[in-house]
Amino acid sequence: MNRRLRIAALLSLLLVIVPFGQAHAARYKVCNSVPTSNLTVNVKSTGAKGDGRTDDTKAIQRAIDKVAGTGGTVYVPPGTYRVHAVSGNRLTLKSNMTFKMTNDTVLKMFPTDKKNYSVLRILNAHDVIVKGGTLMGDRNNHKGRGGEWGMGIFILEGSKRITISNVRAKNMWGDGFHVTDAEDVALCGVRAERNRRQGLSIIHGNRILVTRSVFRDTKGTRPGAGIDLEPDRPDQTISNVRIERSKFINNEGAGIMIAGKKARISRIQIQNNEFDGARPLLIEYAPRIAESQICSNRYKPFQRIDKKMFEKVSRPRHTIGMQMPCDGRAQKRLW
């Protein structure tokens with residue numbers, strides 16, 4: 001009898017564990033993710049000034065540390081907050097929190113000569129939301145010449161369930177947004193403008209959504225793409241990426257670049273986007289990319305001109321090319 005009771009108890013425990021795991025995963029609502037706690041900490045209460053002069057890095061990090069793990073919100077009201085973006089002296093978001101800025105909030109980094117930086121870093125964290133605001137890089141007054149790894153938002157090292165919504169990243173020495181070793185990442189309504197290397201780099205990730213976003217005026221160092229999907233090492237793979245309803249405007253390289261020379265890239269959907277530039281899409285060494293999943297995109301072709309070796313800028317015609325519409329199978333989401 002005792003043996004039967006033990007078996008019944010074990011079965012009951014298993015029934016409890018399985019739904020709990022499913023419920024935990026269900027909390028990630030992609031673009032509709034919301035805080036899970038009413039706790040809100042205003043960065044002004046931890047000493048931030050937002051006056052465009054004061055170093056607010058430590059004050060904002062204090063607010064982040066207070067909210068981390070609670071499901072609550074760090075609120076950054078209107079203002080220009082000067083922050084450092086290098087090494088340990090930079091803003092690092094943590095698990096189970098929302099970082100909320102307004103349309104008039106700017107995080108403006110102090111110029112550096114370092115090759116690597118990030119205005120916001122999400123490192124081995126889960127269930128993080130970043131909303132609103134502008135991240136301002138140092139492209140116009142960078143103190144060094146080398147490197148190309150200055151990022152607006154850097155998502156890395158096993159981060160999961162990350163939502164970036166209505167954030168603008170501009171004038172970075174490298175990328176506006178960068179994803180390495182992450183899964184369940186959604187970039188919703190973001191804008192990447194005048195960044196030097198890429199608007200968005202995806203190096204290693206799974207289940208990544210880009211929707212209703214703008215990637216424009218990337219220029220300065222190669223590849224110069226709006227979005228670049230490109231593993232750096234054989235152990236880095238990219239799969240289950242959906243790019244939809246976004247605009248790619250006047251990027252020096254491709255609107256979207258897929259380069260699978262070093263590792264596998266598979267299961268990519270590119271649909272209902274608008275391209276305005278010399279090269280909308282470039283795919284290299286990626287035989288697993290199904291052309292049927294790239295459909296219903298619009299392309300405004302450019303006309304190359306060369307006047308006295310001066311004006312090599314492409315000027316758009318007024319015609320728009322339209323891909324074949326997606327069939328029912330192609331429209332089915334990958335996950």
Side-chain angles (χ1 to χ4, degrees), residues 28-33 120 122 128-132 135 151-156 159-170 172 175-193 195 197-218 223-231 237-249 251 253-259 265-277 280-283 286 289-290 293-299 323 326 330-335:
Y28 179 60
K29 297 180 181 179
V30 196
C31 296
N32 297 316
S33 296
L120 286 178
I122 302 174
V128 178
I129 303 168
V130 183
K131 299 185 69 174
L135 310 182
M151 316 303 180
I153 296 183
F154 198 0
I155 305 169
L156 70 161
S159 293
K160 299 178 181 179
R161 299 185 295 278
I162 310 297
T163 299
I164 312 297
S165 178
N166 297 312
V167 177
R168 183 184 185 195
K170 63 183 297 185
M172 300 298 159
D175 307 342
F177 305 91
H178 186 103
V179 178
T180 296
D181 187 16
E183 65 178 37
D184 292 315
V185 176
L187 294 105
C188 315
V190 305
R191 296 183 66 92
E193 302 172 359
N195 298 296
R197 187 178 72 159
Q198 328 276 26
L200 162 66
S201 287
I202 301 172
I203 307 300
H204 179 30
N206 182 33
R207 294 192 300 273
I208 297 173
L209 172 67
V210 180
T211 184
R212 302 182 187 281
S213 297
V214 177
F215 302 88
R216 65 173 304 152
D217 301 317
T218 310
I227 297 178
D228 182 21
L229 290 78
E230 185 173 2
T237 59
I238 299 172
S239 60
N240 296 304
V241 176
R242 182 176 177 88
I243 302 170
E244 63 174 23
R245 296 180 172 84
S246 295
K247 294 182 179 181
F248 300 84
I249 304 169
N251 296 292
I256 299 175
M257 178 175 176
I258 302 173
I265 302 176
S266 61
R267 295 173 61 80
I268 308 296
Q269 290 179 325
I270 301 173
Q271 300 176 5
N272 299 298
N273 300 289
E274 183 177 315
F275 297 90
D276 188 343
L281 181 64
L282 175 62
I283 302 176
I289 303 300
Q293 299 287 326
I294 301 174
C295 48
S296 294
N297 298 294
R298 294 188 299 163
Y299 169 45
Q323 277 189 311
C326 300
Q331 288 179 348
K332 186 177 180 181
R333 290 180 177 269
L334 296 171
W335 71 96

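What you see is a predicted model, and the numbers here were worked out from it, not measured in a lab. Side chains included, hydrogens not; waters and symmetry mates left out as well; all remaining heavy atoms used.
- Between the Ser33 side chain and the Lys29 main chain, a donor and an acceptor come within less than 3.5 Å of each other.
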CA sep, side-chain torsions, deciding dist, call: Ile122, Ile153, side-chain contact (heavy atoms from CB on, under 4.5 Å):
CA-CA 8 Å; Ile122 302 174; Ile153 296 183; 4.3 Å; yes
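- At least one donor-acceptor pair closer than 3.5 Å links the side chain of His204 to the backbone N or O of Thr237.
- In this structure, the side chains of Asn297 and Ile270 come closer than 4.5 Å at one or more pairs of heavy atoms.
- Residues Arg207 and Asp184 are paired through a salt bridge, judged by an N-O separation under 4.0 Å between the basic side chain and the carboxylate.
- Using a 4.5 Å heavy-atom cutoff, the side chains of Val179 and Ile208 are in contact.
- Qualifying ring-ring contact (aromatic ring centres under 6.0 Å, His included) partners for Phe248, counting only residues two or more places apart in sequence or in other chains: Phe215, Phe275.
- Taking CD of Glu274 as the reference point, atom CZ of Arg298 lies at 4.0 Å (rounded to 0.5 Å).
- Ile243 has its side chain within reach of Asn273: a pair of non-hydrogen atoms, C-beta onward, lies under 4.5 Å apart.
- Glu244 and Gln271 share no donor-acceptor pair across their side chains, judged by distance under 3.5 Å alone.
- Separation of atoms CD1 (Ile268) and CG (Leu334) is listed at 8.0 Å; rounding is to 0.5 Å.
- Here SG of Cys295 is found 8.0 Å from CD of Gln269. Values are rounded to the nearest 0.5 Å.
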Take Ile155 and Thr180 through the side-chain contact (heavy atoms from CB on, under 4.5 Å) test and state the conclusion after the steps.
CA-CA 6 Å; Ile155 305 169; Thr180 296; over 6 Å; no
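- Between Val190 and Phe177, the shortest heavy-atom distance links the atoms CB-CZ, 3.8 Å.
- The shortest side-chain heavy-atom distance between Leu209 and Leu187 does not fall under the 4.5 Å cut-off.
- Using a 3.5 Å distance cut-off with no hydrogens or angles, the side chains of Asn240 and Arg267 do pair a donor with an acceptor.
- The backbone N or O of Lys131 lies less than 3.5 Å from no partner atom in the side chain of Ser165, so there is not a single donor-acceptor pair.
- The nearest pair of heavy atoms linking Thr163 to Cys31 is CG2-CA, 4.2 Å.
- For the 3.5 Å distance criterion, the side chains of Asp175 and Ser201 qualify, holding a donor opposite an acceptor.
- Within the 4.5 Å cutoff, side-chain heavy atoms of Ile256 are placed close to those of Leu229.
- Under the 4.5 Å side-chain criterion, counting only non-hydrogen atoms from C-beta, Ile203 is not in contact with Leu156.
- Using modelled atom types, one side-chain atom of Ser213 and one backbone atom of Gly189 make a donor-acceptor pair closer than 3.5 Å.
- Of the possible polar contacts, none joining the Gln198 side chain to the Asp228 backbone as a donor-acceptor pair under 3.5 Å is found.
- Summarising the geometry, atom CZ belonging to Arg161 is positioned 11.5 Å from atom CD1 belonging to Ile129; distances are rounded to the nearest 0.5 Å.
- Taking CD1 of Ile258 as the start and CG of Leu282 as the end, the distance is 9.0 Å to the nearest 0.5 Å.
- Between the side chain of Thr218 and the backbone N or O of Arg197, no donor-acceptor pair lies under 3.5 Å.
- Here the closest non-hydrogen pair linking Gly132 and Val167 is O-CG2, 3.5 Å.
- Between Asp217 and Asn251 there is no side-chain heavy-atom pair separated by less than 4.5 Å.
- Remark: the backbone N or O of Met172 is paired with a side-chain donor or acceptor of Asn195 at under 3.5 angstrom.
- The shortest side-chain heavy-atom distance between Ile283 and Ile265 does not fall under the 4.5 Å cut-off.
- In terms of the side-chain contact (heavy atoms from CB on, under 4.5 Å) criterion, residue partners of Glu193 (sequence neighbours excluded) are, by chain and number, Arg168, Lys170, Arg191, Arg216.
- Shown here are the side-chain contact (heavy atoms from CB on, under 4.5 Å) partners of Ala259, two or more places apart in sequence or in another chain: Glu230, Met257, Glu284.
- Atom-to-atom distance recorded for Ile238:CD1 and Ser266:OG is 9.5 Å, nearest 0.5 angstrom.
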